[in-house]
Protein chains: 2
Amino acid sequence: MPANPETTRRSLCPINAFVEIFGDRWSLLIVRDLMMRGYTTYTQLGSGEERIATNILAEKLDRLVAAGVIERAPDPEDGRRVCYRLTEKGIDLAPVIAAIARWSLGHEPNRTPRRLVERIRKQPEAFVAELRRRWAERSTDPLLPLPKA
Amino acid sequence: MPANPETTRRSLCPINAFVEIFGDRWSLLIVRDLMMRGYTTYTQLGSGEERIATNILAEKLDRLVAAGVIERAPDPEDGRRVCYRLTEKGIDLAPVIAAIARWSLGHEPNRTPRRLVERIRKQPEAFVAELRRRWAERSTDPLLPLPKA
DNA sequence: CCGGATCCGTTTCGATACTG
DNA sequence: CAGTATCGAAACGGATCCGG
């Protein structure tokens with residue numbers, strides 16, 4: 001993956017852009033944690049269940065910022081701290097996340113919150129709007145139940 | 001990625017299963033080529049626009065077969081040749097592909113077939129049913145216009 | 001020719017240790 | 001707390017080789 005953004009290869013199929021951003025094991029999980037779990041800080045994102053290494057997390061966050069999917073911002077409660085927030089582009093990934101979750105649910109025996117996934121699938125616009133509102137309000141309540149530690 | 005399937009880590013969130021299969025730069029593109037372009041053979045899949053190396057292609061095909069997303073079958077027209085086909089599990093990825101394509105279309109200036117993507121989004125069940133039927137008929141007509149060579 | 005397998009140099013990943 | 005530095009392991013990419 002070239003660091004130079006000029007080296008963008010011609011992407012004839014619309015899936016390429018997605019794969020160039022999310023074609024690794026972590027980027028999509030980071031977006032999920034931001035979107036569904038209300039994680040916002042480096043430490044929270046690093047302490048998720050999947051135990052991403054700190055250097056990888058830092059690099060992935062940089063890449064996601066460069067891709068315009070998330071943004072770095074001062075924490076509203078403590079200006080010294082940094083927090084990461086989904087951009088509009090990132091929020092618009094909700095239907096993708098929902099479709100993936102639904103596929104996984106259908107093919108992997110797993111007890112997981114079907115209700116939320118179905119809601120996103122049936123009314124994606126309404127869910128994205130809600131997500132945007134929650135995000136504007138800086139609500140960090142998780143949409144998914146957090147795994148118990 | 002451990003070769004040993006026993007080493008499956010507990011996947012609390014339904015996205016993990018997807019990422020473990022498609023968390024690389026090629027697997028999803030291979031599924032797209034099978035689903036949307038009517039590619040079925042090793043040579044066709046290797047000659048796509050993205051120029052995957054032959055060893056990587058072979059490994060990814062093995063992994064996708066092991067994951068139950070595609071299957072190896074004798075070519076119906078020439079029994080000596082091999083062809084790859086989506087399984088039910090693979091066909092069910094259509095809504096995921098559509099959601100990804102739609103997201104990319106909305107955020108990357110690209111002239112691409114909106115019509116198909118919107119159809120999948122609005123009537124995913126109908127599209128999956130059609131895909132299944134085409135697949136049963138062994139029709140290899142591409143759903144997407146092929147990039148000119 | 002088709003469907004890979006093997007070898008090898010390069011790039012990326014991942015765990016741990018460390019720093020301002 | 002929010003990252004860097006380091007270093008071994010794994011993945012990638014190109015070229016070549018091989019059995020049918």
Side-chain angles (χ1 to χ4, degrees), chain A residues 1-5 7-9 16 19-30 33-34 38-67 70-85 140, chain B residues 1-5 7-9 16 19-30 33-34 38-67 70-85 140:
Chain A
M1 190 69 60
N4 182 357
T7 323
T8 52
R9 57 199 63 173
N16 294 33
V19 173
E20 288 193 10
I21 299 173
F22 296 102
D24 66 82
R25 273 232 277 319
W26 299 112
S27 300
L28 205 58
L29 297 177
I30 291 171
D33 283 348
L34 284 163
Y39 292 174
T40 58
T41 69
Y42 180 87
T43 308
Q44 283 177 324
L45 292 167
S47 65
E49 79 214 39
E50 287 92 2
R51 317 250 106 238
I52 183 171
T54 63
N55 56 341
I56 306 296
L57 175 58
E59 189 218 332
K60 294 309 173 191
L61 288 172
D62 281 346
R63 279 179 52 84
L64 290 174
V65 168
I70 67 175
E71 62 191 358
R72 218 177 302 260
D75 189 307
E77 296 169 1
D78 179 353
R80 299 167 308 175
R81 295 181 59 173
V82 179
C83 75
Y84 292 91
R85 298 168 45 79
T140 56
Chain B
M1 189 68 60
N4 183 356
T7 324
T8 53
R9 58 197 63 172
N16 295 31
V19 173
E20 288 193 11
I21 299 173
F22 295 104
D24 66 82
R25 273 230 280 320
W26 297 112
S27 300
L28 205 58
L29 297 177
I30 292 171
D33 282 348
L34 284 163
Y39 291 175
T40 57
T41 70
Y42 180 86
T43 309
Q44 283 177 325
L45 292 167
S47 65
E49 79 212 39
E50 287 93 0
R51 315 251 110 238
I52 182 171
T54 65
N55 56 342
I56 306 295
L57 175 59
E59 188 219 331
K60 294 309 175 190
L61 288 172
D62 281 347
R63 280 179 50 86
L64 290 174
V65 169
I70 68 176
E71 61 191 357
R72 220 179 302 260
D75 189 305
E77 297 169 1
D78 178 353
R80 298 169 310 177
R81 295 181 60 172
V82 180
C83 76
Y84 292 91
R85 298 165 45 77
T140 56

Nearest-Å distance, CG (Leu61(B)) to P (dG4(C))? 7 Å
Looking only at heavy atoms, the pair that brings Leu57(B) and Tyr42(B) closest together is CD2-O, 3.5 Å
Hey, are the side chains of Phe22(A) and Leu64(A) touching, using non-hydrogen atoms and a 4.5 Å cut-off? yes
Tyr42(A) atom OH is separated from dG20(C) atom P, nearest whole Å, by 16 Å
With the side chain defined as heavy atoms from C-beta on, Asn55(B) is closest, among dG3(D), dC7(C), dG4(C), to dC7(C)
Among the candidates dA2(D), dG14(C), dG13(D), find the nucleotide nearest to the side-chain atoms of Ile56(B). dG13(D)
Shortest non-hydrogen pair, Arg63(A) vs Glu20(A), comes out as NH2-O, 2.9 Å
Below 4.0 angstrom from OP1 or OP2 of dG4(C), is there any side-chain N or O of Tyr84(B)? yes
Classify the nucleic acid contact of Arg81(A) as base, sugar-phosphate or nothing, counting any heavy atom under 4.0 Å across all strands shown. sugar-phosphate
Minimum heavy-atom distance between Val19(A) and Arg25(B), given as atom pair plus value: CG1-O, 3.4 Å
Side chain Thr54(B) and base dA5(C) donor-acceptor under 3.5 Å: yes
Checking contacts here: which listed nucleotide (dA15(C), dG3(D), dC12(D)) is nearest the side-chain heavy atoms of Arg72(A)? dG3(D)
Whole angstrom value for the distance that separates C1' of dG3(D) from NZ of Lys60(A): 16 Å
Roughly, in whole Å, what's the span from CG in Asp62(B) to P in dG4(C)? 8 Å
Can you tell me the distance, in whole Å, between the CG atom of Leu29(A) and the P atom of dG14(C)? 11 Å
How close or far is atom P of dG20(D) from atom CG of Asp75(B), stated in whole angstroms? 20 Å
Here the distance between atom C1' of dC13(C) and atom CZ of Arg25(A), to the nearest Å, is 8 Å
Rounded to whole Å, the CG-C1' distance (Asp24(A) to dT12(C)) equals 10 Å
Under 3.5 Å donor-acceptor, Gln44(A) side chain and Thr40(A) backbone: yes
Would you indicate, yes or no, if dG13(D) has its OP1 or OP2 atom less than 4.0 angstrom from a side-chain nitrogen or oxygen of Trp26(B)? yes
Quick check for you: among dT4(D), dA5(C), dA2(D), whose closest atom lies nearest to any side-chain atom of Ala58(B)? dA5(C)
